Amino acid sequence: MTFTAGEATGRKNRASPQSRICNRTCEGMIMPVRPDSDPYYRLRHSAAHVMAQAVLELFPEGKIAIGPPIEDGFYYDFDLPRALTPDDLIEIETRMRRIIAGAHPFVYRVVDPGEARALFRDQPYKLELIDGLARGQDEYGERSEAGTVISTYKHDTFEDLCRGPHLASTDQIPPDGFKLMSVAGAYWRGDSNRPMLQRIYGTAWNSKEELEQYLWRLEEARRRDHRVLGKELDLFSVSEDVGPGLILWHPKGAMIRVIAEDFSRQAHLENGYEWVFSPHIGRAHLWETSGHLHFYKENMYAAMDIEGEEYYAKPMNCPFHIQIYKSHLRSYRDLPKRYAEYGTVYRYERSGVLHGLTRVRGFTQDDAHIFCRADQVEEEISRALDFSLYVLRSFGLSDFTAYLSTRPEKYVGDPADWDMATEALRRAIEAHALPYEVDEGGGAFYGPKIDLKVNDALGREWQLSTIQFDFNLPERFGLEYIAEDSQPRRPYMVHRALLGSMERFFGVLIEHYAGAFPLWLAPVQAVIVPISDEKHGAYAAEVARQLKEAQLRIEVDLSKDRMQAKIRRAQLQKVPYMLIIGDREQAAGAVAVRARSGEDLGAMPLAAFIARARAEIEAKA
RNA sequence: GCCGGUGUAGCUCAGCUGGCAGAGCAACUGUCUUGUAAACAGUAGGUCGUCGGUUCGAAUCCGACCACCGGCUCCA
């Protein structure tokens, strides 16, 4: 029941075995790295040390926390007397270059705990780390395999508690290969009850060229930012008057959604699902029965009073689908039941976490609940996964990783059921030859699950699909079917969402395609460009009529601008085709076709263009 | 929610230490009727996020709030 569909996922927060995930892995700042798996480890770790020295030069009374390498760079956390400014970063960079030029060797030594405490007597965070090390914890306060050797690395005047490894000396850091990127707040040890430190993020590469390439990649990601493209292409907006995290779909964005929903709706019908609808609110009693008012209340909005009765906006759809199941006595012959709905749910998200379309307060899941018998579980899981891959591939997403989450310490249900379900999930993943990771103990208390994440065109990972067992709700709602032996049995229940939420999926699609949607999804498939609005306007209108008749989505640019301006406008709107009409085309009953790629496909009869477009739409290319 | 930053025309952004609010694009009007990514000229457009304060005077300084951006935390 926890479709985290409207939620962000994607980035391992740190080297914890329990992959903690949130969105924007993408920007890639936080992925932890290990010395053995990352060729940049020494460089970035060393850059972090050099930065710490530079910061301490600037703030001799500053306190230092931790400073690991991360994907694409490094950071270091500081406790400083004042907030850092962008100018400070420039100053720190300058000092770093000076330290680098000094060619100071990184010197390793092992110290005993007493020595370490003396060395870092003015550094309370380091003292806490030393205490942790003495108890066999790593720098994040988690259990470590690495024994309790306490060591330091020293270069120039700066000595840091550190297990390394490092470069041989500071001048191995290319002075034009690194850059300090930003300052951000970060809680000491990631604990919101502990002090907020200042974290400086930096990036470091083996050469200026590599750095520039990385910066270009960032620029490219920014260019694809769905929030930017959403505005430029007039796809959606968020209105301050409506409220943050609540999405307004503009006609062009809504067009894409309608196409996606229609496609998916048809596919569901072909795959044995039945469509249902359910309301947006339900009585408090329902949510008490489901347990949401106990375990999910923090994410639910306050109750509304209707004639003295409390109602809640739904954070999930499951209780409603369960009511549909319960509206009849069910026979074993009726199963499986597969109820699907584009269900709009509302979840409270704290203001600081909202992000474009990917983390919102109201969203629509392509939700479904499958009720089945034990002997159907295997088949249903396999079908659900198969279906999910089919749908995602149809949208041009083809690079997947599966995450299997198994039984946590606190759980409900029969361990035998858990084992059976978990194995069914595992077999489904393996049958589809998907790369996968197992998150041992990472399942929800009510059942194991598969999360399917996709890598987009920029290699960024997004969680979309989820397939989850639920051993809790059937129990709470007393779901039954009558088995062959005339006895009531409890059905198995599976939640699943394929695209996740329409909002998030749309955000991912926008970024994946950089706004240049394939023809079948493009809200405007072609713009007709008459060279002269006066001379060719009438023919343009006729062409438009015929294209609309052929079910194509087109616009006519009847502005008084020159053709070049019209083309430019269509290009910027990423319209797949521009159909140029001048004297020659008008005489021949043709259109001159320019593709979004800039390619001039030349003049062709209108019918030829229609045939070409239809084939392309059919292929979802 | 927490730390830091930002908020000026529909969009992108200038506006130095307080002294009559600006540009480009878009829009509108006119001229041009055009051959594959921006014709030319003109017109109009603002409660400078909101509320309060300091000041003779606030876009500018101060405070609170709202929203957004980058992170952190959270996302059973």
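Naming: A, B, ... by sequence-line order, numbering from 1 per chain. All of these numbers come straight from a predicted model, not from anything done at the bench.
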TODO: Provide the distance between the two C1' atoms, one in B:U47 and one in B:U34, to the nearest whole Å.
DONE: 44 Å

Open item on the list: Is A:H355 close enough to B:G70 that one of its side-chain N or O atoms is under 4.0 Å from OP1 or OP2 there?
Closed with: yes

Open item on the list: Between B:G53 and B:U12, how far apart are the two P atoms, rounded to whole Å?
Closed with: 32 Å

Open item on the list: Which heavy atom of A:P244 sits nearest to which heavy atom of A:V238, and what is that distance?
Closed with: CA-CG1, 4.2 Å

TODO: Hey, which sits more toward the 5' end of RNA chain B by its nearest nucleotide, A:W188 or A:S532?
DONE: A:S532

Task: P spacing across the pair B:G15 / B:A9, given as an integer number of angstrom - done: 15 Å

Open item on the list: Which nucleotide wins on minimum distance to the side chain of A:S182, given the candidates B:A76, B:G70, B:C2?
Closed with: B:G70

Task: Sugar-phosphate or base contact per nucleotide [nucleotides 36-43 of chain B; S, B, -; heavy atom under 4.0 Å] - done: BBBB----

- [ ] Using a 4.0 Å heavy-atom cut-off across all strands, classify A:A186 as base, sugar-phosphate, or nothing.
- [x] sugar-phosphate

TODO: Describe, in one word, how the ring planes of A:Y201 and A:Y75 are oriented to each other, choosing from parallel (under 30°), tilted (30 to 60°) and perpendicular (over 60°).
DONE: perpendicular

TODO: Measure from CZ on A:R359 to C1' on B:G70 and round the result to the nearest Å.
DONE: 16 Å

Task: Exercise: identify the closest heavy-atom pair between A:G62 and A:L80 - done: CA-CD2, 3.8 Å

Task: Under-4.0 Å salt bridge between A:E555 and A:R569 - done: no

Open item on the list: If I take atom NZ in residue A:K535 and atom C1' in nucleotide B:U33, what distance separates them, rounded to the nearest angstrom?
Closed with: 7 Å

Task: Separation of atom OH in A:Y296 from atom P in B:C74, rounded to whole Å - done: 15 Å

- [ ] Using the C1' atom as the reference point in each nucleotide, state the distance between B:C61 and B:U17 in Å, no decimals.
- [x] 11 Å

TODO: Taking atom P in both B:U31 and B:A58, compute the distance separating them and give it to the nearest angstrom.
DONE: 46 Å

Task: Presence of A:K231 side-chain N/O under 4.0 Å of B:U12 phosphate oxygens OP1/OP2 - done: yes

Task: Rounded interatomic separation in angstrom, taking CD1 from A:I70 and C1' from B:C72 - done: 13 Å

Open item on the list: Both A:E298 and A:I531 contact RNA chain B. Which one's nearest nucleotide lies toward the 5' end?
Closed with: A:I531

TODO: Quickly work out the A:D241 CG to B:A67 P distance and round it to whole Å.
DONE: 11 Å

Task: Among B:G35, B:U73, B:U33, the one nearest A:D533 by side-chain distance - done: B:U33

Task: Assigned partner base of B:A64, Watson-Crick or wobble definition, under 3.5 Å - done: B:U50

Open item on the list: With a 3.5 Å limit on both atom pairs, tell me what B:U55 is paired to, counting Watson-Crick and G-U wobble, or say none.
Closed with: none

Task: Atom-pair distance (CG on A:L473; P on B:A76), nearest Å - done: 15 Å

Open item on the list: Taking pairing as Watson-Crick or G-U wobble with both contacts under 3.5 Å, can you name the mate of B:G4, or confirm there isn't one?
Closed with: B:C69

Task: B:G18 versus B:C74 - spacing of their C1' atoms, nearest Å - done: 43 Å

Task: Short side-chain N/O contact from A:K410 to OP1 or OP2 of B:A76, under 4.0 Å - done: no

Task: Partner nucleotide of B:A26 by Watson-Crick or wobble geometry (both distances under 3.5 Å) - done: none

Task: Donor-acceptor pair (no angle test) under 3.5 Å: A:Y187 side chain, B:G1 base - done: yes

Open item on the list: Could you check whether any side-chain N or O of A:R504 sits under 3.5 Å from a backbone N or O of A:Q463, counting only pairs where one atom can act as donor and the other as acceptor?
Closed with: yes

Open item on the list: Roughly how many Å apart are B:C11 and B:G7, using the P atom of each and rounding to a whole number?
Closed with: 15 Å

- [ ] Using modelled atom types only, decide if a donor and an acceptor are shared between the side chain of A:R361 and the backbone of A:E349 within a distance under 3.5 Å.
- [x] yes

Task: Residues A:R227, A:D225: salt bridge by 4.0 Å N-O rule - done: yes

TODO: Over 60° means perpendicular and under 30° means parallel, so classify the ring planes of A:H292 and A:F295, tilted if in between.
DONE: tilted

Open item on the list: What's the gap between B:G57 and B:C65 when it is taken at their C1' atoms, as a whole Å value?
Closed with: 26 Å

Open item on the list: Is A:Y201 close enough to B:C72 that one of its side-chain N or O atoms is under 4.0 Å from OP1 or OP2 there?
Closed with: yes

Open item on the list: When both hydrogen-bonding distances must be under 3.5 Å and the geometry is Watson-Crick or G-U wobble, what is B:G35 paired with, if anything?
Closed with: none

Task: A:E93 (side chain) donor-acceptor with A:L180 (main chain) under 3.5 angstrom - done: yes

- [ ] Can you figure out which of B:G70, B:U33, B:U73 approaches the side chain of A:A184 most closely?
- [x] B:G70

Task: Gap between atoms NE2 and C1', on A:H292 and B:C75 respectively (whole Å) - done: 14 Å

Open item on the list: When both hydrogen-bonding distances must be under 3.5 Å and the geometry is Watson-Crick or G-U wobble, what is B:C16 paired with, if anything?
Closed with: none

Open item on the list: Is the distance between the ring centroids of A:Y577 and A:F609 under 6.0 Å?
Closed with: yes

Task: Distance in angstrom units between A:E240 CD and B:C51 P, rounded - done: 13 Å

- [ ] Would you indicate which nucleotide in B:C3, B:G1, B:A76 comes nearest to any side-chain atom of A:Y446?
- [x] B:A76

